[in-house]
Structures are given as structure tokens and as C-alpha cells.
Engineer: 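Just passing along the structure, written as C-alpha cells.
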Amino acid sequence: MPKRLYIETVGCQMNMLDSEMVVANLRRQGYELTNQPQQADTVLFNTCSVRQQAEEKTYGSRGKLKDHKQRHPDVTIGVMGCMAQKDQQLIFGRAPYVDFVVGPGQLQEIPRLIEESRSGKEKQLAVGLGRRDGSLEEIKRSHETFDPLRDPDMRSSPYQAYLRIQIGCDKFCTYCVVPNTRGPEQGRAPEQIEAEARVLADQGTRELILLGQTVNSYRHQSGDTITRLSDLLVRLHQIDGIERLKFVTNYPRDMTDDLLHAIRDLPKVSPYLHLPLQSGSNRVLQRMKRGYTLEIYDEMMTRIRETIPGTAISSDFIVGFCGETEDDFDKSVAAVNKYRFKNSFIFKYSERPGTKAADQLPDDVPREVKQRRNQDLLALQNQISEADNQVFLGRTIDVLVEGPSKRELRHPSGGHVIQMTGRTHCDRIVVWDGNQRQAGHLLPVTIYDASAHTLFGHVVTDHVGPEIFDLNAPQTS
Ligand code: SAH
Ligand code: SF4
Ligand code: F3S
């Protein structure tokens with residue numbers, strides 16, 4: 001009987017990548033993945049702590065499993081990810097049916113933790129060191145991840161892969177748990193990154209998304225040689241099979257000219273930058289300890305627009321941060337109006353234990369005010385996104401096809417048509433009625449409609465062979 005694993009993942013791309021690695025590792029040890037928690041003998045929760053809501057999600061779903069554990073005491077339940085690192089043994093108190101808790105730097109220990117839990121060991125905890133609990137080297141080592149175990153079956157699209165180039169964060173924005181949960185900033189060695197990129201290219205990956213919390217601060221030193229993100233892009237650009245290179249998340253202060261020149265000169269690098277501003281008010285930015293002013297951000301935007309015109313820029317905002325006045329909020333509104341981001345993720349401030357803001361700044365913006373500001377800023381951003389997407393109407397753009405979107409459609413011709421989805425070079429989502437065989441191809445799609453978040457198109461058949469578009473062809477998967 002194969003062992004069955006169920007895994008639930010919340011949080012950012014780092015967590016998705018960690019889950020991919022953990023599953024790849026367990027599959028090698030004979031585990032099979034199931035999407036039914038009731039059928040699993042091992043259940044893993046990969047958790048996020050960035051906002052309270054993210055934590056509640058996990059406690060909510062674990063609540064559901066409590067009964068299951070009572071009926072099937074053999075099931076092993078593990079909590080991994082940022083909440084595991086942040087709350088450690090507190091998790092056993094809140095959720096006594098959890099067997100082990102494992103931090104993002106100890107993922108390679110999961111097979112052992114499962115085995116030991118099965119053989120009746122007490123509850124187990126394997127986490128990294130706190131930011132003051134050892135020498136820098138010891139702390140760094142306790143937060144290292146294990147990345148090379150790539151498994152194309154575990155990605156939502158085998159043609160697109162995340163590749164971690166940086167671990168941790170040293171920026172310590174006052175609201176944020178990540179420097180505590182993911183440890184000190186560390187750039188992975190370029191040789192390791194390139195080797196992993198080649199494995200991914202051999203597995204059919206066409207788009208690589210390089211990951212780091214402040215990915216453009218990437219730096220690796222070996223002897224006298226310093227590698228920056230721009231150098232890494234040059235190196236990865238040479239890999240056959242890789243068609244597109246993206247990287248997230250950028251830190252506005254480190255958007256240096258060498259990087260802008262690399263984006264301009266390397267055609268595979270996408271003209272897309274996620275550059276969270278967080279607030280349009282200098283007073284708030286200072287309290288957040290973001291390390292830049294609106295003027296510095298503005299200067300950076302000017303350089304980007306001059307060096308790589310047409311680059312799509314997206315942002316994150318936090319509304320209702322400690323002490324944010326109506327006037328501060330209006331400045332975020334003005335910034336969204338001025339920069340016309342491709343899209344923005346807008347979050348209500350959530351106080352996180354252990355952060356500087358939680359210790360020193362009162363969370364004094366009422367919940368309803370946060371809610372209203374969130375809705376207002378989102379409505380404005382959506383209006384802008386929708387208006388700016390209209391320029392694509394009638395245009396034919398190259399889309400890297402990821403696979404079927406959730407919705408299945410019947411074509412009037414009777415052929416089996418499914419809604420396919422993919423992204424443009426500038427990271428816009430495109431959907432059209434197509435065929436599974438298009439997956440993994442770079443396809444010209446003509447756009448006929450556009451909403452704030454999606455471009456709707458149809459495929460231009462005269463550019464590609466008929467085999468891809470035979471609507472009646474048997475489905476390959
Ligand atoms: N390293 C990235 C983002 C990490 S977290 C960066 O620096 O941009 C993703 C986003 O969550 C952040 O950009 C921020 O907008 C939001 N966020 C982080 N901590 C938060 C908190 N305590 N409350 C609300 N939003 C938060
Ligand atoms: Fe958090 Fe700031 Fe680091 Fe981003 S840069 S992960 S917001 S501390
Ligand atoms: Fe959440 Fe950790 Fe990512 S706190 S956002 S899963 S780095």
C-alpha cells in the first residue's frame with residue numbers, strides 16, 4: 001500500500017516552491033499525493049504568518065481535521081512554513097492533534113519527522129534559530145532551504161517554474177514577520193542557480209520566475225567575484241529552452257541601473273516589475289521603515305520609464321497602518337493615480353506579534369476605516385487597470401500558454417474546447433477558447449476584450465501548424 005500524502009499550501013510563492021520540494025522528496029520515498037485529506041495517512045499544512053487572516057485560514061482547516069484525527073489516530077499531521085517558525089511549540093497548545101512542527105529551514109527533515117511520529121515518538125519540533133539566537137553563520141545555516149529536487153508534476157504548469165535565488169530578508173520593515181520567519185538574507189551561489197535552471201529547462205520549463213523577498217538586492221560573493229541580479233540574468237539568458245525570465249519581489253531602493261540595462265538588453269527578460277510602494281505618504285513610509293521616500297520612488301520610476309519604456313509595474317499597498325491619517329491615505333490614492341500600476345495588491349494592516357510596529361506603534365486605525373480605504377484604493381486601481389488594458393484591443397500578442405483555466409466550455413462546432421490561460425511577456429493574464437495541446441507553446445493571441453485583470457482573445461490560426469488547433473483531436477491529458 002503506498003503511503004498517501006495530502007498537503008495544503010497558503011502564502012506566497014516561496015511557500016508554493018517549498019511545497020513542491022517537500023512533495024518531490026516524499027514521492028521519492030514512495031508517497032502518493034491525494035487531494036482528499038480523508039484518504040491521507042499524512043497531512044501537511046504549509047502555513048503563512050504575514051497577516052492574521054492567513055493564520056486563521058490554517059487554524060480553520062485544521063479544526064476540520066480534529067474529528068478525523070479522533071476517528072483515525074494513525075494519521076500524522078505536520079505544520080510547516082512561516083507560522084511553524086513563528087509560533088513553534090505554541091502550535092501544539094492551540095492544536096493538540098498536530099504531531100510535528102517544522103520550519104522553512106528544516107524541510108529536509110520531514111521524512112524523518114513523519115517516521116518518528118508514526119513510531120510513537122512524542123510531539124516534535126524542528127525550527128530555525130531566532131535572529132538573536134546564535135552567530136550570524138549559525139542562524140543562516142538554520143534557515144537554508146533545499147532546492148534542487150524539482151518535480152514538474154507538482155507545478156500547476158510544468159512550463160513555468162519558480163527558482164529561489166535568495167533566502168530570507170534583512171530589511172526589517174516594521175510591520176513584517178518575514179525577516180523572523182525566513183531568517184537572514186542569503187544569495188544562493190550562481191553555479192547552483194544555473195545548474196537548477198538547466199534541470200528545469202531539460203524538464204520543459206520555458207518561463208523561470210526567480211524568487212527572493214528583495215530579489216533585486218541579490219548579491220553573492222565568492223573570492224573577489226561579486227554576482228548581482230543583472231549578472232545572473234545574463235547567465236540564465238544563455239540557457240536554451242528558457243524563453244522568459246521574470247523575478248519577484250523588487251525592493252524600490254535597489255533598482256540599480258545595471259539591472260535596468262539588463263532588462264533593456266536581454267530580450268528574454270520580461271518587461272515587468274513588481275515594485276511595492278506600500279504607501280504614498282513619507283510619514284507612513286518612515287514609520288514602516290521602508291528605507292525610501294516618495295521622491296526616491298519617483299526618481300526610480302522616471303529612470304525605469306526612460307530606460308525601459310512600456311515596462312509594466314505592479315505594486316503592493318498596506319492601508320490603515322499605525323497612525324495613517326486621511327491625508328496620508330489620500331497620498332496613496334494620488335500615487336496610484338500617478339503611476340497607473342498594472343495591478344496592486346492592497347492589504348489592511350494586520351499587527352504581527354514580534355514586529356517592531358507591534359512593540360512600538362499602536363494599531364489605531366479602526367477596522368471600518370481600514371475596510372473603506374481598502375475598497376476605495378482597490379476600486380481606483382481596478383478602474384485604472386481596466387482602462388489601461390483597453391490598449392490591447394485588436395492587438396496580437398505572444399502568450400506563453402500555461403494550461404486550461406478552471407472553466408470548461410463546449411464549442412458550438414461540437415469539438416471539445418476548453419478555456420486556456422497564459423501570460424504575456426509583461427505578465428498580463430490572457431484567456432481564450434483553445435486546446436490542451438497548446439500548453440507550453442508561445443502563441444500569438446488576438447485580444448478582443450479586456451477587464452481589469454484579464455485579456456480575452458482568440459488564437460491566430462495562420463501562424464501555427466494545424467495540429468495544435470484541431471478542435472476534434474483527442475485530448476492528450
Ligand atoms: N518582500 C516583499 C513582500 C513580502 S509580504 C516586499 O518587500 O515587497 C507581501 C506583502 O504583504 C507586502 O508587500 C505587504 O504589502 C504585505 N504585508 C506584509 N506584512 C503585512 C502586515 N503586517 N499587514 C498587512 N500587510 C502586510
Ligand atoms: Fe517584509 Fe520588508 Fe522584507 Fe519585504 S522587504 S519581506 S516587506 S521586511
Ligand atoms: Fe507568508 Fe512566509 Fe511568504 S509569512 S508571505 S509564506 S515568506
Side-chain angles (χ1 to χ4, degrees), residues 8-19 45-58 79-87 103-105 107 128 131 143 145 162 164 166-186 211-218 247-255 273-280 284-285 287-292 297 313-322 324 332 341 343-359 361 363 365 367 370-371 373-374 377-378:
E8 206 168 284
T9 307
V10 294
C12 65
Q13 295 101 327
M14 286 288 176
N15 264 13
M16 286 155 79
L17 184 51
D18 285 343
S19 289
F45 290 95
N46 195 358
T47 60
C48 171
S49 280
V50 80
R51 284 168 291 278
Q52 197 184 344
Q53 211 186 6
E55 295 193 345
E56 280 159 10
K57 252 192 217 169
T58 299
V79 173
M80 54 188 271
C82 288
M83 199 172 89
Q85 179 63 38
K86 174 177 153 282
D87 289 349
L107 302 181
R131 296 286 306 234
H143 284 276
T145 48
Y162 294 128
R164 189 171 355 238
Q166 185 191 54
I167 299 163
C169 179
D170 281 345
K171 303 292 194 251
F172 286 100
C173 302
T174 54
Y175 50 81
C176 185
V177 289
V178 175
N180 296 328
T181 61
R182 294 274 169 173
E185 181 183 321
Q186 308 183 62
L211 296 187
Q213 294 297 345
T214 55
V215 72
N216 56 332
S217 319
Y218 170 85
F247 45 93
V248 284
T249 294
N250 292 284
Y251 184 64
R253 197 69 217 236
D254 291 333
M255 211 64 222
L273 293 168
H274 185 55
L275 268 164
L277 173 59
Q278 309 295 3
S279 167
V284 176
L285 287 171
R287 284 171 180 230
M288 290 177 165
K289 204 165 147 292
R290 279 292 283 177
Y292 54 83
Y297 192 89
I313 315 268
S314 57
S315 181
D316 292 349
F317 284 90
I318 296 176
V319 295
F321 185 62
C322 314
E324 186 189 70
S332 293
F341 298 107
N343 64 286
S344 291
F345 297 97
I346 297 163
F347 305 106
K348 288 172 276 191
Y349 172 59
S350 163
E351 187 176 84
R352 307 286 55 223
T355 59
K356 202 165 171 190
D359 290 345
L361 302 167
D363 178 12
V365 177
R367 198 209 294 237
K370 287 181 184 170
Q371 181 66 21
R373 290 181 187 165
N374 187 299
L377 203 57
L378 194 61

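As a basis for the values below, the full set of heavy atoms in this structure was taken, side chains included, without hydrogen atoms, waters or symmetry mates. Numbers here simply count residues along the sequence, with the first being 1. Order of appearance sets the numbers: ligands from 1, and atoms from 1 within every ligand.
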Engineer: State, to 0.1 Å, how close P179 and C169 come at their nearest heavy-atom pair, and which atoms those are.
Structural biologist: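 Here P179 and C169 meet closest at CB-O, 3.4 Å.
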Engineer: Is any side-chain heavy atom of Y175 less than 4.5 Å from a side-chain heavy atom of F347?
Structural biologist: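 The answer is no; the side chains never approach within 4.5 Å.
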Engineer: Test your reading of the model: is there a side-chain donor-acceptor pair from T355 to the backbone of A358, 3.5 Å cut-off?
Structural biologist: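 Yes: the side chain of T355 pairs with the backbone of A358.
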Engineer: Please identify which atoms of ligand 2 are closer than 4.0 Å to at least one heavy atom of Q213.
Structural biologist: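 Counting atoms of ligand 2 from 1, those under 4.0 Å from Q213 are 6 (S).
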Engineer: Identify which of R51, R290, K171 has a heavy atom lying nearest to atom 7 (O) of ligand 1.
Structural biologist: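 Looking at heavy atoms only, R290 sits closest to atom 7 (O) of ligand 1.
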Engineer: Evaluate the criterion salt bridge (Lys or Arg N to Asp or Glu O under 4.0 Å) for residue pair E324 and K370; output intermediate values, then yes/no.
Structural biologist: CA-CA 10 Å; E324 186 189 70; K370 287 181 184 170; over 6 Å; no
Engineer: Taking 4.0 angstrom as the limit, do E55 and R352 come out as a salt bridge?
Structural biologist: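 R352 and E55: salt-bridged.
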Engineer: Quick one: nearest non-hydrogen protein atom to atom 19 (N) of ligand 1, plus distance?
Structural biologist: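 Looking at atom 19 (N) of ligand 1, the protein heavy atom closest to it is Y175 CD1, 3.2 Å.
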Engineer: Any N/O of S350 closer than 3.5 Å to an N/O of ligand 1?
Structural biologist: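 Yes, since at least one N or O of S350 sits under 3.5 Å from an N or O of ligand 1.
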Engineer: Mark the output for K86 as yes if a heavy-atom distance to ligand 3 is under 4.0 Å, and as no if none is.
Structural biologist: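 False for this residue.
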Engineer: Would you check whether K370 reaches within less than 4.0 Å of ligand 1, judged by its heavy atoms?
Structural biologist: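 No; K370 lies far enough from ligand 1 that no heavy-atom distance drops under 4.0 Å.
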Engineer: For the pair T58 (side chain) and T47 (backbone), establish whether a donor and an acceptor sit closer than 3.5 Å, ignoring hydrogens and angles.
Structural biologist: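 Absent.
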Engineer: List the steps and the verdict of side-chain contact (heavy atoms from CB on, under 4.5 Å) for L211 and M14.
Structural biologist: CA-CA 7 Å; L211 296 187; M14 286 288 176; 3.9 Å; yes
Engineer: List ligand 1 atoms under 4.0 Å from K348, heavy atoms only on the residue side.
Structural biologist: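 This gives 23 (N), 24 (C) as the contact atoms.
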Engineer: For D316, counting its heavy atoms only, list the atoms of ligand 1 lying under 4.0 Å from any of them.
Structural biologist: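 Matching atoms, with element in brackets: 9 (C), 10 (C), 12 (C), 13 (O), 15 (O).
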Engineer: Identify, by atom number and element, the atoms of ligand 2 in contact range of V178, meaning under 4.0 Å from any of its heavy atoms.
Structural biologist: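 Near V178, meaning under 4.0 Å from one of its heavy atoms, ligand 2 has 6 (S).
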Engineer: Which residue holds the protein heavy atom closest to atom 15 (O) of ligand 1, what is that atom called, and what is the gap in Å?
Structural biologist: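 That would be Q278 OE1, 2.7 Å.
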Engineer: Note the single closest protein heavy atom to atom 8 (O) of ligand 1, along with its residue, its atom name and the distance in Å.
Structural biologist: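 So the nearest neighbour among protein heavy atoms is P276 CG, 3.2 Å.
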Engineer: What atoms of ligand 3 come within less than 4.0 Å of a heavy atom belonging to N15?
Structural biologist: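 The list of qualifying atoms is 6 (S).
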Engineer: With heavy atoms of C82 as the reference, note each atom of ligand 3 found under 4.0 Å away.
Structural biologist: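 Near C82, the atoms of ligand 3 are 2 (Fe), 4 (S), 6 (S), 7 (S).
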Engineer: Please could you name the atoms of ligand 2 that C169 approaches to less than 4.0 Å, counting only its heavy atoms?
Structural biologist: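 Those atoms are 3 (Fe), 5 (S), 6 (S), 8 (S).
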Engineer: Please confirm whether the backbone N or O of P104 pairs with a side-chain atom of R182, one donor and one acceptor, at under 3.5 Å?
Structural biologist: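 No.
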Engineer: Heavy-atom contacts with R290 under 4.0 Å: which atoms of ligand 2 show up? List them by number with element.
Structural biologist: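 Those atoms are 2 (Fe), 5 (S), 7 (S).
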Engineer: Does I318 reach ligand 1, in the sense of a heavy atom lying below 4.0 Å from it?
Structural biologist: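 Within the 4.0 Å threshold, so yes.
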Engineer: Okay, side chain of R253, backbone of G291: is any donor-acceptor separation there less than 3.5 Å?
Structural biologist: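 Yes, R253 side chain to G291 backbone: donor-acceptor pair under 3.5 Å.
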Engineer: Out of G291, P252, C173, indicate the one that has the non-hydrogen atom closest to atom 2 (Fe) of ligand 2.
Structural biologist: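 The nearest heavy atom belongs to C173.
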Engineer: With heavy atoms under 4.0 Å as the rule, classify the contact between P276 and ligand 2 as side chain, backbone, both or neither.
Structural biologist: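 Within the 4.0 Å criterion, P276 makes no contact with ligand 2.
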Engineer: With distance as the sole test, does T9 use its side chain to make a donor-acceptor pair with the main-chain N or O of M16 at under 3.5 Å?
Structural biologist: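 Side chain of T9 to backbone of M16: no pair is present.
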Engineer: Considering the options T249, N343, D316, N250, which one meets the side chain to side chain donor-acceptor pair (under 3.5 Å) requirement together with H274?
Structural biologist: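 That would be D316; it is the only one of T249, N343, D316, N250 passing the side chain to side chain donor-acceptor pair (under 3.5 Å) with H274.
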Engineer: Looking only at protein heavy atoms, which one is nearest to atom 2 (C) of ligand 1, and how far off is it?
Structural biologist: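 Going atom by atom, the protein heavy atom closest to atom 2 (C) of ligand 1 ends up being Q213 O, 3.5 Å.
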Engineer: Less than 3.5 Å apart, any donor N or O on the side chain of E185 or Q166 sitting next to an acceptor on the other?
Structural biologist: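 Yes.
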Engineer: Okay, side chain of T181, backbone of Q85: is any donor-acceptor separation there less than 3.5 Å?
Structural biologist: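 Answer holds: no.
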Engineer: Does K171, at its NZ atom, have more than 12 non-hydrogen atoms belonging to other residues, nucleotides or ligands within less than 6.0 Å?
Structural biologist: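 Atom NZ in K171 is packed in, count exceeds 12.
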Engineer: Using a strict cut-off of 4.0 Å, indicate which atoms of ligand 2 neighbour a heavy atom of T214.
Structural biologist: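 It comes down to these atoms of ligand 2: 5 (S).
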Engineer: Can you confirm whether F172 is buried at CZ, in the sense that more than 12 heavy atoms of other residues, nucleotides or ligands lie under 6.0 Å from that atom?
Structural biologist: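 Atom CZ in F172 is packed in, count exceeds 12.
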Engineer: Under 4.0 Å from a heavy atom of Q213: give me the atoms of ligand 3 that qualify, with their elements.
Structural biologist: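 Checking each atom against Q213, I get 7 (S).
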Engineer: Which atoms from ligand 2 have a heavy atom of P179 less than 4.0 Å away?
Structural biologist: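 The atoms of ligand 2 under 4.0 Å from a heavy atom of P179 are 8 (S).
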Engineer: For T249 and ligand 1, does the shortest N/O to N/O distance drop below 3.5 Å?
Structural biologist: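 No, no N or O pair falls under 3.5 Å.
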Engineer: With a 4.0 Å cut-off on heavy atoms, does R182 reach ligand 3?
Structural biologist: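 Within the 4.0 Å threshold, so yes.
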Engineer: For atom 4 (S) of ligand 3, which of the options P179, S49, C12, G11 provides the nearest non-hydrogen atom?
Structural biologist: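 Residue with the shortest heavy-atom distance to the ligand atom: S49.
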Engineer: Checking salt bridge (Lys or Arg N to Asp or Glu O under 4.0 Å) for the pair R131/D170: CA distance, chi angles, key distance, verdict?
Structural biologist: CA-CA 10 Å; R131 296 286 306 234; D170 281 345; 2.7 Å; yes
Engineer: Within the 4.0 Å heavy-atom shell around V50, which atoms of ligand 1 are there?
Structural biologist: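 By the 4.0 Å cutoff, the relevant atoms are 5 (S), 18 (C), 19 (N), 20 (C), 21 (C), 22 (N).
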Engineer: Using a 4.0 Å heavy-atom threshold (strictly under), name the region of Y175 that reaches ligand 2: side chain, backbone, both or neither.
Structural biologist: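 Side chain only.
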Engineer: Identify the protein heavy atom lying closest to atom 1 (Fe) of ligand 3, giving its residue, its atom name and the separation to 0.1 Å.
Structural biologist: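 Result: C48 SG, 2.3 Å.
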Engineer: Hey, what's the ring geometry for Y251 with Y292, parallel, tilted or perpendicular (30° and 60° as the breaks)?
Structural biologist: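 Rings of Y251 and Y292: perpendicular, over 60°.
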Engineer: Of all the atoms in C176, is at least one N, O or S atom closer to atom 2 (Fe) of ligand 2 than 2.8 Å?
Structural biologist: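 Checking atom 2 (Fe) of ligand 2 against C176, no N, O or S atom falls under 2.8 Å.
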Engineer: V50 heavy atoms, cut-off 4.0 Å: which ligand 3 atoms fall inside?
Structural biologist: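 Reading through ligand 3 atom by atom, the close ones are 1 (Fe), 4 (S), 5 (S).
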Engineer: Hey, does R352 come in under 3.5 Å of ligand 1, counting only N/O atoms on both sides?
Structural biologist: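 In fact, backbone or side chain, R352 has no N or O that close.
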Engineer: Flag the pair Y349 / C322 as yes when at least one side-chain heavy-atom distance between them is below 4.5 Å, and no otherwise.
Structural biologist: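 The answer is yes; the side chains approach within 4.5 Å.
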